[in-house]
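What follows is one structure encoded as C-alpha cells, with my remarks underneath.
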Amino acid sequence: MKNCIIIQSGGPTSAINSSLAGVVKGAIEAGYSHVYGAVNGIVGVLSQNVIDITEIAKKDDNFQRRLSHTPAMYLGSCRMRMPDPKMEPAIYDALYAFFKSLDITAFFGIGGNDSMDTIAKLSAYFGSKNAGISVIGIPKTIDNDLLATDHTPGFGSAAKYVATTVREMAYDTMIYPVKSITIVEIMGRDSGWLTAASALARGNGVDAPQLIYLPEVPFSVEQCIADTRSLLKHRNSVLIAVSEGIRDSSGEYIASADAKEDKFGHKMLSGTGKAIEHILSNALGTKIRSVELNIPERCGIHLASKTDLDEAYKMGQVAVGLADKGQSGRMVVIERADASDYKPVYSSVPVQEVANGVRMVPRDYISESGNDVTEKMTDYLSPLIQGEVEIEYRDGLPDFLPIDHLMDTTR
C-alpha cells in the first residue's frame, strides 16, 4: 500500500485548489490508496489533523471540477516556519512516525517562497533517514515572485482580476467632467508583477492606468506629484496603480516605516494607497480617492484565467509523476517553449534553488522613467490571463465545495 499527504500553505490563490485537484487525480491514477490532506498546512500534519480526500471524492462525482473552481484553500493554510531538523529533530521524528502509521510514501506541498523552505527541510530530513518518502513542491503565489519558474499558478488569475477591475474603475472615473485622481493599491510586497498587470486594462478606448509604480524602482514623492500634475493639465481623470511595497530612495516603505512584521519577518503592509492619497491631496487639492483591492485579488474565482487553472492542475499531476519516479526535494516549474507562440513546458528544479528567494521584475520591463511598464511586460503577461472559467451557480451565487472541516474547532 502507498499513500500520500498534501498540504497547502501561505496566502491563497484562485488556482491553488486546481493544483490540489491535479494531485488528487494524478495520485488516484498512479495507484495511491489514500490521498490525505492536512488541515491548515504543516500545523495540521504536526497535530495529526488530516482528512481522507479520496473518501470525500467518492461521494461526489463532480468533486474534481468543483474543487478546481473553489476559491482560497480547500485544506486551509498556516504560516509556520519549520525549525532546522538538525537543531530540533524531535519535531521531525514525530512527523516521521505519523507518516509511517499512515503508510505515506509521498508528501506534496503547495505554496510559495516560505512553503518551499518547508519542502527543502522535510526532503533533507527524510533523505537522511532513507525514509523512502518523496517530498515535492508545487508553486503558487499571486505575487509571481518565485525563482526558477517562468510564472506561478495563481498569478494569471490575479492578474486577470486586477486588469479587469482597473478597466471597470477607469470607466467609472471618466463619467464626471471634473478633475479627479484615483489610486489603486495592489498586492506585492517585494515585487511588482501583479501591479504591472494593471497595464493590461488598457485598450477598448481606455488608457488607464496612466501611472504605474512598482517596488523595483525607488518611489519619488516629488516626481509622482509632478507626473500627476502634468497629466491633469490635459485630462480630467488620472488613475494610478501602486504596489503595496513601494519604497523611497532610502528603502523605507511608503505605507509605514514602522509596519509590524509577520512570523517570517515580512512587513505587514497596508495603507500605501491612502498615504499617496494624502500626499497628492495636499499637493494638488484635487478630488481624490484611494482603493485597496486586497483580498479579492486572490479569491476572485469568477474572474479566474482558464490558462492559469489548467496549468495549476497540470503541475499537480506532474508532481505526482516526479514522486512516482522516486524524486524528492524538487519543485515543479513552467518554462516557455516559444516566446512568440506561448506554450508551457513542465519540468522541475531542486527546491533549494527556490526557497526564500525573490524574483524581481526585470528593469527592462519597466519604463525608463520608472512610472510605467514596457511592451516586454505586456507581451509577457498577456498569455497568462487567457480563457474564462465556467463557474456553476446555485440560487444566483457560485456553488463552491463546502469547507466544514475548516470550521470544526474540535479536530
For the residue pair Phe63 and Tyr74, does the interplanar ring angle fall in the parallel (under 30°), tilted (30 to 60°) or perpendicular (over 60°) class? perpendicular
Between Asp364 and Lys376, does any NZ, NE, NH1 or NH2 come within less than 4.0 Å of an OD or OE carboxylate oxygen? yes
Contact summary for Leu384 and Thr307, nearest pair of heavy atoms: O-CB, 4.2 Å
Flag, side chain of Ser128 to backbone of Tyr125, donor-acceptor distance under 3.5 Å: yes
Distance check, rounded to the nearest 0.5 Å: Met80 atom CE versus Asp114 atom CG? 13.0 Å
Evaluate the side-chain proximity of Pro350 to Arg330: yes if any heavy-atom separation is below 4.5 Å, no if none is. yes
Between Arg336 and Asp150, is there a side-chain N and carboxylate O pair less than 4.0 Å apart? yes
May I ask you to decide whether Lys25 forms a salt bridge with Glu29, counting only side-chain N to carboxylate O separations under 4.0 Å? yes
Hey, what's the ring geometry for His302 with Tyr161, parallel, tilted or perpendicular (30° and 60° as the breaks)? perpendicular
Over 60° means perpendicular and under 30° means parallel, so classify the ring planes of Tyr365 and Trp193, tilted if in between. perpendicular
Smallest separation among heavy atoms of Pro209 and Val166, with atom names: CD-CG1, 3.9 Å
Using only atom types and a distance under 3.5 Å, with no angle test, would you say the side chain of Asp145 pairs donor to acceptor with the backbone of Arg359? no
Quick check on Lys2: does its NZ atom have over 12 non-hydrogen neighbours (other residues, nucleotides or ligands) under 6.0 Å away? yes
In terms of ring plane angle, is the pair Phe155 and Tyr380 parallel, tilted or perpendicular, where the classes change at 30° and 60°? tilted
Could you tell me whether the side chain of Ile51 reaches within less than 4.5 Å of the side chain of Leu75, counting heavy atoms only? yes
So, applying side chain to side chain donor-acceptor pair (under 3.5 Å) with Glu392, which one of Arg66, Arg65, His69 is it? Arg65
Using 4.0 Å as the upper bound for N to carboxylate O, is an ion pair formed by Lys274 and Glu277? yes
Any pair counted as salt bridge (charged side-chain N to carboxylate O under 4.0 Å, His left out), so long as it reaches residues 206-218, sequence neighbours left out: Asp207-Arg235
So, Asp143 and Arg189, do they make that salt bridge, N to O below 4.0 Å? no
Give the minimum heavy-atom separation between Ser243 and Thr195, together with the two atoms involved. OG-OG1, 2.6 Å
Flag the pair Glu244 / Glu185 as yes when at least one side-chain heavy-atom distance between them is below 4.5 Å, and no otherwise. yes
Flag side-chain contact, heavy atom, 4.5 Å: Tyr171 against Asn204: yes
Using 4.0 Å as the upper bound for N to carboxylate O, is an ion pair formed by Lys121 and Asp117? yes
So, do Leu20 and Ile110 sit near enough that their side-chain heavy atoms are less than 4.5 Å apart? yes
Check this for me: does any side-chain nitrogen of one of Arg202 and Asp372 sit under 4.0 Å from a carboxylate oxygen of the other? yes
Where is the tightest heavy-atom contact between Ala159 and Ile385, given as atom of each residue plus distance? CB-CG2, 3.9 Å
Would you give the length of the straight line joining atom OG of Ser198 to atom CZ of Arg167, rounded to the nearest 0.5 angstrom? 12.0 Å
Verify whether the ring centers belonging to Phe126 and Phe107 lie closer than 6.0 Å. no
Salt-bridge criterion met for Glu388 and Lys160 (N-O under 4.0 Å): yes
Is the closest side-chain donor-acceptor distance between Asp52 and Thr54 under 3.5 Å? yes
Side-chain heavy-atom pair Ile6, Tyr36 within 4.5 angstrom cut-off: no
